[in-house]
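Below is one structure, written out as structure tokens; comments come after it.
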Amino acid sequence: MTKQLSGSPEDADLRRADSLAREIFSDVANKWALLIIESLGERTLRFSELRNEIEGVSHKMLTQNLRMLERNGLIERTVYPVVPPRVEYTLTEPGQALRVTIDGLCDWTHRYLGHIEASRHRFDA
């Protein structure tokens, strides 16, 4: 059975855009993706350098998140044809733009860290 959508083509476009936005947000709004974007900054890093920068990330989680970020066009992966292969990662223009937002979140965290810690202490008491 085929489901027909009612409404205008503009409504369907908005629904698709909203769905895509939620999917992208779900992808990048995890701690590893945010830390990868923040770690790359304006630098180009190899896999091992990224892994050393991000405390606690496993090889598997770093690989999965790098692939997801590449799929979404936020990082660029460059493979050099040498033995052993050398692979580098850098933020794309959209990745740099997202980094501005992440930097704002980091600044907010630093600004309100004392308040958050005090609130958690009161709540947990």
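Checked against side-chain hydrogen bond (donor to acceptor under 3.5 Å, both in side chains), Arg22 has the following partners two or more places apart in sequence or in another chain: Asp18. Among residues two or more places apart in sequence or in another chain, the side chain to side chain contact (heavy atoms under 4.5 Å, CB included) test is passed with Ser26 by none. Under the side chain to side chain contact (heavy atoms under 4.5 Å, CB included) criterion, Arg43 pairs with Leu45, Glu53, not counting sequence neighbours. Checked against salt bridge (Lys or Arg N to Asp or Glu O under 4.0 Å), Glu23 has the following partners two or more places apart in sequence or in another chain: Arg71. Residues forming a side-chain hydrogen bond (donor to acceptor under 3.5 Å, both in side chains) with Arg86 (at least two apart in sequence, or on another chain): Glu88. For the side chain to side chain contact (heavy atoms under 4.5 Å, CB included) test, residues two or more places apart in sequence or in another chain that qualify with Glu42 are Gln96, Arg99. Judged as a ring pair (Phe, Tyr, Trp, His ring centres under 6.0 Å), and not counting sequence neighbours, the contacts of His59 are Phe47. Partners of Thr109 by side chain to side chain contact (heavy atoms under 4.5 Å, CB included), not counting sequence neighbours: none found.
If you take CG on Leu98 and CD on Glu93, they are separated by 13.0 Å, rounding to the nearest 0.5 Å. With rounding to the nearest 0.5 Å, the separation of OG1 in Thr63 from CZ in Arg51 is 8.5 Å. Distance check, rounded to the nearest 0.5 Å: CG of Leu69 to CD of Gln64 gives 12.0 Å.
When the side chains of ILVMFWY residues are joined at heavy-atom separations under 4.5 Å, either directly or via intervening members, Val79 and Tyr89 end up in a single hydrophobic cluster.
Grouped by direct or indirect side-chain proximity (heavy atoms under 4.5 Å, Ile/Leu/Val/Met/Phe/Trp/Tyr only), Ile116 sits with Leu105, Trp108, Tyr112. Val83 belongs to no multi-residue hydrophobic cluster, having no ILVMFWY side-chain contact under 4.5 Å with any other such residue.
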Which donor-acceptor pairs under 3.5 Å do the side chains of residues 28-41 make with protein atoms, sequence neighbours left out?
unit_1: Asn30; atom_1: OD1; unit_2: Trp32; atom_2: N; d: 2.9
unit_1: Asn30; atom_1: OD1; unit_2: Ala33; atom_2: N; d: 2.9
unit_1: Asn30; atom_1: ND2; unit_2: Asp27; atom_2: O; d: 2.8
unit_1: Asn30; atom_1: ND2; unit_2: Asn65; atom_2: OD1; d: 3.2
unit_1: Ser39; atom_1: OG; unit_2: Leu35; atom_2: O; d: 2.8

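Looking at Ile24 and Asn72, their side chains come closer than 4.5 Å, going by heavy atoms from C-beta outward. Side-chain contact check for Thr44 versus Thr78: every heavy-atom pair is 4.5 Å or farther apart.
Residues in residues 113-125 take part in no salt bridge (Lys or Arg N to Asp or Glu O under 4.0 Å) pair, two or more places apart or across chains.
What you find for Gly73 and Pro94 is that their closest heavy atoms are O-CG, 4.0 Å.
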